[in-house]
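Read through the structure below, which is laid out as structure tokens, and then see the notes.
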Amino acid sequence: MSYTFQEIEKKWQAFWKEHNTYRVTETTDKKKYYILDMFPYPSGAGLHVGHPLGYIASDIFARYKKHQGFNVLHPMGYDSFGLPAEQYAIQTGQHPAITTENNIARYREQLDKIGFCYDWEREVRTSSPEYYQWTQWIFTTIYRAWFNLETQKTEHIDTLIQHFENNGNFNVQAACDEKWHQSLLELKDNEGQPLYFFGTDWNGDFTATDWQSMNEEQRYHLLMCFRLTYLADSMVNWCPALGTVLANDEIKDGVSERGGHPVVQKKMRQWSMRISAFSERLLLGLDQIDWPENIKEIQRNWIGKSEGATAFFDLSQHPGQIEVFTTRPDTIFGVSYLTLAPEHPLVSYITTADQKDAVEQYVQQAALKNERDRQVQSKEMTGVFTGAFAIHPLTGKEVPIYIGDYVLAGYGTGAVMAVPAGDQRDWDFAKHHNIPIVLIFENHDASESACTSKEVPLVNSDFLNGLCGKAAFNSAVESLEKIEHGNKKVNYRLRDAVFSRQRYWGEPFPVYFKDGKAQMIGDQELPVTLPDVDKYLPTEDGEPPLARSQWKYQNDFVMEYNTMPGWAGSSWYFLRYMDPKNTQAIASKEAMNYWGQVDLYMGGAEHATGHLLYSRFWTMTLHDLEYVPFGEPFQKMINQGMILGRSSFVYRIKDTNTFVSADLRKEYTTQRLYADISIVDNDQLDTEAFKKWLPEYHNAEFILNEKGQYLCGFEVEKMSKSKYNVQTPDELIEKFGADTLRCYEMFLGPVEQSKPWDTKGINGVHNFLRRLNRLFQTDEGQWMVTQDAPNKKSLQTLHRTIKKVTDDLNRHSWNTVVSTLMIAVNEWTEQKCHQKEVLESLVVLLSPYAPHLAEELWNKLGHQDSVTLAHWPEAIAAYLEDDVFSYPVSFNGKTRFNIDLDANMDAASVEKEVMAHEKTAHYLEGKAPKKVIVVPKRIINIVC
RNA sequence: GCCCUGGUGGUGGAAUCGGUAGACACGCAGGACUUAAAAUCCUGUGACCAUUGCGGUCGUGCGGGUUCAAGUCCCGCCCGGGGUACCA
């Protein structure tokens with residue numbers, strides 16, 4: 001039979017469904033393998049050919065591992081909370097749950113057509129209450145936890161309370177905001193009096209007695225400073241257009257990642273996750289996992305560890321100090337001024353009367369600029385003198401204090417000690433403001449630029465003179481410590497993650513408020529399900545949409561009206577697949593112990609600073625609390641590249657409805673317009689179809705080139721509806737079949753690489769499957785497979801192919817497997833090989849890539865069971881080597897001819913044979929060989 | 001700027017440990033079959049020179065180096081892609 005892929009694929013997809021072929025259980029003594037794709041957000045647009053790239057690769061690998069005897073967990077689900085469904089709801093009033101349901105149905109239909117081996121009984125949806133019940137449970141679990149910096153481990157909040165009971169906060173290092181105690185002092189009780197009995201100069205220490213004398217409210221606020229998820233007033237990224245806050249990783253280039261709307265800084269009371277506590281753990285963990293180096297590097301940069309010191313500069317005219325963070329304490333003798341961020345709390349306190357106007361004006365200006373503006377501004381170092389001075393801790397000299405917006409309030413202490421000789425920004429600022437530069441580096445006059453090398457010996461630096469590098473660093477810190485004006489300090493760039501969103505379509509918080517204090521709703525009462533609302537917009541007074549529901553806990557208490565961010569549900573979904581229907585826990589201990597870490601995670605690199613960091617954080621916390629048996633979720637990860645679209649363009653002559661072929665467009669003034677790629681073939685436009693495509697082109701006229709063709713221009717760019725360059729898998733499956741699509745997507749190149757989508761080569765891959773089919777049966781339907789013993793050549797082809805395919809899959813080289821199978825099929829076709837012994841193994845090798853065709857052929861070979869149960873063939877060594885090896889003979893590195901010799905001949909005999917060869921004398925040109933190199937089964941090189 | 005990647009024919013790519021560069025496929029050219037087209041099959045296809053045949057020279061972004069041998073290792077550049085930034 002000719003290759004009737006449409007029939008075959010339908011038939012086997014039905015078979016798999018009926019027989020539950022891909023069901024997975026834990027009740028087996030097989031070794032496990034967990035391979036996971038990043039689950040999709042089910043968007044209304046459906047899948048384009050780029051989406052399944054990673055899914056196909058992981059599906060192939062999952063099938064391969066099954067053939068090898070592993071028990072493979074290869075699940076799929078949906079990250080189904082999200083903005084688009086909500087925005088659609090705002091426009092149309094349709095409940096996001098319905099939109100989501102429809103989109104999922106469409107996704108499922110598309111996924112099924114590609115022939116994946118998912119166990120759909122394990123499907124998860126982040127928006128289903130059975131799932132988000134556990135997202136809520138994790139939230140409360142993290143709320144009931146603190147982080148012990150000494151042990152670097154999460155602990156239950158009770159152990160912290162125990163500490164406080166016994167010793168106050170002495171001898172305990174709990175992760176918290178550095179200014180935690182200051183924020184407590186701002187709190188007032190019902191009568192407007194300070195809530196706490198500590199004075200304004202309280203340094204944060206409290207005793208067991210202090211703790212014991214605190215009331216419930218005081219303890220609540222104090223503990224909130226240490227919980228791993230906490231409610232606090234914090235500066236957040238507010239996106240007015242979206243009406244919600246955004247996490248740092250949801251902002252790209254200063255605008256929202258979704259929609260590209262402006263983002264401003266705003267102070268709001270929000271839930272946050274104390275991910276900053278895990279900075280060091282997240283950093284160290286990277287060494288334990290097998291991820292692409294660039295992703296690790298992105299995470300390292302995002303965590304942004306810098307080792308340095310803090311130093312305290314006493315104020316000259318006032319009591320108090322300015323704390324600065326520096327990575328170069330060794331340059332401290334080069335300090336010629338300090339710079340504060342305009343938002344620094346001391347600014348108004350220290351500014352002198354005659355500088356007041358200038359400073360206030362500058363602060364106001366800076367406040368108007370958002371972070372993006374500050375970046376875009378020229379590199380000019382703006383700033384203003386405050387009129388105040390500080391005392392250099394080591395020299396005792398006065399240094400002026402400036403403010404400048406090149407200092408960021410959110411990093412370090414919001415204040416820097418400026419060393420113009422050693423820091424380029426400080427140098428620029430000093431030049432701009434005519435501040436004298438203290439020279440502290442040997443042979444460096446600072447007239448051109450700062451000297452940023454750490455290895456230049458210091459001068460003018462008192463006891464540091466002559467030192468450099470680590471020695472100078474340590475010596476400077478030591479002397480600061482001695483006078484209690486500084487200490488070693490490690491700083492991280494990683495900020496806590498804001499966890500509240502002012503949206504409807506997300507997980508509701510299991511939280512209500514009693515006397516203004518947040519209370520967790522008990523585990524037994526979960527899930528807290530989303531209430532219905534009349535509109536999906538914020539209320540008139542700016543509360544989140546959930547406030548419209550008038551939602552109350554026990555009819556009495558105000559609920560939390562924010563919802564959780566998109567990353568909440570995706571931070572633990574890999575755990576739920578292990579035991580998706582469990583009603584008692586996120587997943588059973590047994591299931592988690594059995595499946596363990598994800599062995600291979602496929603997905604896009606764009607989640608490096610979001611999902612991939614948050615999932616690690618949650619897994620670590622849950623591991624510390626002994627809910628999860630491992631601390632890193634994803635052992636190995638491969639990032640598939642993006643498949644780009646190839647857009648086609650037509651050129652309309654200005655102010656007409658006449659279109660000119662791309663090769664002639666230079667002669668006219670034209671406007672470039674997109675043309676749908678479905679009416680363009682090989683850059684040639686189907687002009688009739690174009691007229692029918694959009695009403696406005698109905699009367700279009702064309703200027704064709706000499707060949708009578710209308711040629712389109714093209715560009716490679718992201719696939720999107722508005723560019724009319726979206727290629728859906730459905731069309732290709734219709735035309736060539738899912739097996740061809742699967743093979744072709746792999747054949748395109750290494751999965752990690754980004755590449756433009758191009759259907760040009762798909763015929764070649766389709767022909768390969770047809771040729772393969774023809775080894776089994778003629779196009780007329782005559783079955784060709786015989787029981788005869790195959791000849792040696794066919795067996796050699798087979799075993800070499802087994803070896804190469806196996807090796808290639810093991811090193812995740814999906815693309816070369818297709819080539820290898822093509823070569824094998826070409827060879828067998830030439831050999832006229834139709835022996836069952838050979839072809840049966842071929843079917844198994846083929847089955848990960850083209851499962852439908854493989855099932856069909858396997859069945860026709862007489863098997864009742866699915867081919868997925870077949871064992872992976874093993875290569876027999878005897879067939880891998882030829883008896884004869886064709887040695888390339890080179891002279892001075894240039895290959896001249898080949899000589900066939902016994903493959904097992906030793907080097908000395910090979911040399912003898914070569915020297916005796918007639919051509920050797922010719923290439924020696926009478927010279928004597930200086931050296932003859934023989935590498936057995938590789939090469940012969942004669943040096944002369 | 002810094003960090004991470006990558007750069008191979010007309011195109012996608014292969015070359016896994018330093019050992020015949022360009023596998024496999026597309027495209028293109030020529031041919032067979034056909035009224036014709038599609039499909040299928042055959043031949044050729046890195047560039048240049050030579051061509052009756054044998055062959056020769058160059059060639060993996062550029063310039064050096066190590067080596068009997070370099071796409072692969074080392075040094076210095078150039079260009080593309082991604083990340084990140086007044087981060088003190």
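Protein chains get the first letters and strands the later ones, always in sequence-line order, with residue 1 at the start of each.
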| Does A/Q424 have a side-chain nitrogen or oxygen under 4.0 Å from the phosphate oxygens OP1 or OP2 of B/G1? | no

If you restrict it to nitrogen or oxygen atoms, what contacts under 3.5 Å exist between nucleotides 40-45 of chain B and the protein, and what is each distance?
residue, atom, partner, partner atom, Å
B/U40, OP1, A/N767, OD1, 2.6
B/U40, OP1, A/N767, ND2, 3.3
B/C41, OP1, A/R771, NH1, 3.1

| Where protein sits on nucleotides 50-56 of chain B, one letter per nucleotide: B base, S sugar-phosphate only, - none, heavy atoms under 4.0 Å | ------S

Extract from the structure each pairing of a protein N or O with an N or O of nucleotides 15-17 of chain B at less than 3.5 Å, listing the distance.
residue, atom, partner, partner atom, Å
B/A15, OP1, A/R811, NH2, 3.1
B/U16, O4, A/K804, NZ, 2.4

| task | Can you sort out the partners of A/R328 under side chain to side chain donor-acceptor pair (under 3.5 Å), two or more places apart, ordered by chain and number? | result | A/D330

| B/G31 and B/G6: how far apart are their C1' atoms, nearest whole angstrom? | 41 Å

| note | To the nearest angstrom, the CD1-C1' distance between A/I939 and B/U20 comes to 6 Å

For nucleotides 81-83 of chain B, which of its nitrogen or oxygen atoms have a protein nitrogen or oxygen under 3.5 Å away, and what is each distance?
none

| task | Identify, between A/E293 and A/T820, the residue whose nearest nucleotide on RNA chain B lies closer to the 5' end. | result | A/E293

| said: Centroid separation under 6.0 Å, is that true for the rings of A/Y402 and A/F429? | reply: yes

| task | Using the salt bridge (charged side-chain N to carboxylate O under 4.0 Å, His left out) rule, collect all pairs that involve residues 810-826 of chain A, keeping only residues at least two apart or in two chains. | result | A/D808-A/R811

| Non-neighbouring partners of A/D290 that pass side chain to side chain donor-acceptor pair (under 3.5 Å), sequence neighbours left out | A/K636

| field | Qualifying residues under side chain to side chain donor-acceptor pair (under 3.5 Å), relative to A/N294, sequence neighbours excluded | value | none

| Which nucleotide in B/U20, B/A88, B/G13 has an atom nearest any side-chain atom of A/P750 | B/G13

| field | Charged N-O contact under 4.0 Å between A/K489 and A/E178 | value | yes

| message | In whole Å, I'd like the distance from the CE atom of A/M822 to the C1' atom of B/G13. | response | 12 Å

| request: Compare the minimum distances between each of B/U20, B/G13, B/A25 and the side chain of A/F747, then state the nucleotide with the smallest one. | output: B/A25

Within the sub-3.5 Å range, which N or O atoms of nucleotides 67-69 of chain B have a protein N or O partner, and how far apart are they?
residue, atom, partner, partner atom, Å
B/C68, O2', A/N941, ND2, 2.9
B/C68, O2, A/N941, ND2, 2.8

| Syn/anti state for B/G9 [syn: chi within 90° of 0] | syn

For residues 934-944 of chain A, please give each side-chain donor-acceptor pair under 3.5 Å, one per line with the distance, not counting sequence neighbours.
residue, atom, partner, partner atom, Å
A/N941, OD1, A/S890, OG, 3.4
A/N941, OD1, A/G893, N, 3.1

| note | A/Y411 has its side chain closest, among B/A88, B/A14, B/U84, to B/A88

| From CA spacing to verdict: salt bridge (charged side-chain N to carboxylate O under 4.0 Å, His left out), A/R300, A/D287 | CA-CA 11 Å; A/R300 282 191 195 109; A/D287 299 332; 3.6 Å; yes

| Gap between atoms CG and P, on A/N763 and B/G12 respectively (whole Å) | 19 Å

| remark: Sequence neighbours excluded, the answer for side chain to side chain donor-acceptor pair (under 3.5 Å) partners of A/K305 is A/E280

| query | Is the centre of the A/H433 ring less than 6.0 Å from the centre of the A/Y337 ring? | reply | no

| remark: Listing for RNA chain B: consecutive Watson-Crick or G-U pair runs of at least 3, distance cutoff 3.5 Å, ranges ordered by first number, gives B:1-7 with B:78-84, B:10-12 with B:24-26, B:27-32 with B:40-45, B:46-49 with B:55-58, B:61-65 with B:73-77

